[in-house]
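Take this structure, written in structure tokens, and hold onto it; I'll ask about it next.
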Amino acid sequence: MPPPRRWPQPAMPELPEVETTRRCLEPIVVGRCITAVEVGHPRMLRRQLRAGDFEARLRRRTIEGLRRHGKFLVAELSGDLSWVTHLGMSGRLQLASPRVDREPHTHVVVRLVGGTEIRFVDPRTFGFVAAYTPDELAETSLARLGPDALDSLPPTRSLATALAGRTAPIKALLLDQGVLAGLGNIYADEALHRAGVDPHRPGGSLDVEELKRLRSAVKATLAAGLRWGGTSLDDLAYLLPDGRAGEYVERLRAYGREDEACLRCGAPIVREVLRQRSTYWCRGCQR
DNA sequence: ACCTCCCTGGCC
DNA sequence: GGCCAGGGAGGT
């Protein structure tokens, strides 16, 4: 047995983790009414225009739908309000009975009719919650997101238009939520590895063939992440709402595999810092 | 288009 | 005791 790999510290909820969370919550919460709301950490409300609004806006509303755009989870509430949750770096949502002890760093608790609680646990507090009217929502960063990488992945020609003339590294552009919404550091590295594209390449320098490969790679990477329930690292910062761990970590091809052999060409995967972010890639087969 | 900051647990 | 991880906002 090889020693267990030491994964880089943070789990990072990205599109597959948020979508897995959404799918797990949807059948439980949609159609149910919110009876009580507690916010234990004021920082969670830093994106709410008036902090006092959040609890009042949620209470007694019914959750009519649960959607996702990029990494944002949006519960549509009765009365035309949107409850927005972003998991940040270390956030996760939990379904729990009120009888079960709260975990440390449980910053928001939303209780539903019947007693079930949706709990937002976030040690590093990069996540947040907010309740917006339609007008307010139109002014948030949610309204400035690019197309969703899973549900609305643009055709190759649209990607070519979006990237034309861009000189920033393709990795940075994949992380730019205004270009494409949903990829974070793990899945950006995975997609570039699958596509065989060097993360440093200026975005505008990719030819049509490369863009086709990259588009397919994004699709395949997200589908694989979803299929395995997302990526839970050793710290288990990310877990599904029912407590299960995502299993994609065992299937990562680049991220976290420094000095290990590339699964495609055998060259060692290297780690370097690109735009202040860890980047794992293969010098042998990513060009 | 780029850099800095926020925040905390885990590791050296 | 200090450093590192990073999504997104804000500033330059």
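Source: prediction; values computed, not measured. By convention in this document, chain letters (A, B, ...) are assigned in the order of the sequence lines, proteins followed by strands, and residues within each chain are numbered from 1.
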Whole-Å distance between C/dG7 P and A/Tyr187 OH?
13 Å
For A/Tyr280 and C/dA5, is the shortest distance between a side-chain N/O and OP1 or OP2 below 4.0 Å?
no
Hey, is CG on A/Asp101 packed in by over 12 heavy atoms from elsewhere, all under 6.0 Å?
no
Between C/dA9 and A/Ser141, is there an OP1 or OP2 to side-chain N/O distance shorter than 4.0 Å?
yes
In whole angstroms, how far is the P atom of C/dG6 from the CD atom of A/Glu17?
14 Å
Nearest-angstrom distance from the residue atom CD of A/Glu139 to P of C/dG10
13 Å
Over-ring placement of A/Arg251 relative to A/Trp228, 6.0 Å and 45° cut-offs:
yes
Side chain of A/Asn185: nearest nucleotide among B/dC6, C/dG6, B/dT4?
C/dG6
Picking from B/dG9, C/dG7, B/dC2, which would you name as closest to the side chain of A/Pro123?
B/dG9
State, with a plain yes or no, whether a side-chain heavy atom of A/Leu153 is found less than 4.5 Å away from one of A/Val218.
yes
Does the side chain of A/His105 get closer than 4.0 angstrom to OP1 or OP2 of B/dG9 through an N or O atom?
yes
Using the side chain to side chain contact (heavy atoms under 4.5 Å, CB included) rule, take A/His193 and A/Cys282 through it: C-alpha gap first, then chi angles, then the decisive distance, then the call.
CA-CA 7 Å; A/His193 181 265; A/Cys282 176; 4.1 Å; yes
Is A/Arg166 touching bases, backbone alone, or none of the nucleic acid, heavy atoms closer than 4.0 Å?
sugar-phosphate
Whole angstrom is fine here: how far is it from CG in A/Leu145 over to C1' in C/dA9?
13 Å
Separation of atom NE2 in A/His41 from atom P in B/dC7, rounded to whole Å
8 Å
Any donor-acceptor pair under 3.5 Å from A/His107 side chain to A/Asp122 backbone:
yes
Aromatic stack A/Phe126/C/dG6: centroid gap under 5.5 Å, interplanar angle under 30°:
yes
Does A/Arg277 get its side chain close enough to the base of C/dG7, under 3.5 Å, for a donor-acceptor pair?
yes
Closest of C/dA5, C/dG6, C/dA9 to the A/Arg271 side chain is C/dA5
Which dot-bracket notation, 5' to 3', represents the base pairing of DNA chain B when pairs are defined as Watson-Crick or G-U with both distances under 3.5 Å, crossing pairs as [ ], and inter-strand pairs as |?
||||||||||||
In whole Å, I'd like the distance from the CZ atom of A/Arg46 to the P atom of B/dC5.
17 Å
Heavy atoms under 4.0 Å, any strand shown: does A/Thr167 hit a base, just sugar-phosphate, or nothing?
nothing
Taking the side chain of A/Ala168 as its heavy atoms from C-beta onward, which of B/dC2, C/dG8, B/dC6 lies nearest to it?
B/dC2
Decide yes or no for A/Glu19 and A/Leu222: does some side-chain heavy atom of the first lie under 4.5 Å from some side-chain heavy atom of the second?
no
N or O in side chain of A/His86 less than 4.0 angstrom from C/dG7 OP1/OP2:
no
Can a side chain N or O of A/Arg275 be found less than 4.0 Å away from OP1 or OP2 on B/dC2?
yes
Members sharing A/Leu49's hydrophobic cluster (side chains within less than 4.5 Å):
A/Phe72, A/Val74, A/Val84, A/Phe128, A/Tyr132, A/Leu137, A/Leu142, A/Leu145
How many whole angstroms separate atom CZ of A/Arg144 from atom P of C/dG7?
18 Å
Tell me whether A/Arg253 at atom CZ has more than 12 heavy atoms from other residues, nucleotides or ligands lying less than 6.0 Å away.
no
Can you tell me which nucleotide in B/dC3, B/dC7, C/dG6 comes closest to the side chain of A/Thr125?
B/dC7
Respond yes when some side-chain nitrogen or oxygen of A/Gln177 is under 4.0 Å from OP1 or OP2 of C/dG8, and no when none is.
yes
Rounded interatomic separation in angstrom, taking CZ from A/Arg43 and P from B/dC6
9 Å
Taking the side chain as everything from C-beta on, heavy atoms only, tell me whether A/Val29 gets closer than 4.5 Å to A/Thr116.
no
A/Arg124 vs B/dG9: side-chain N/O to OP1/OP2 distance below 4.0 Å:
no
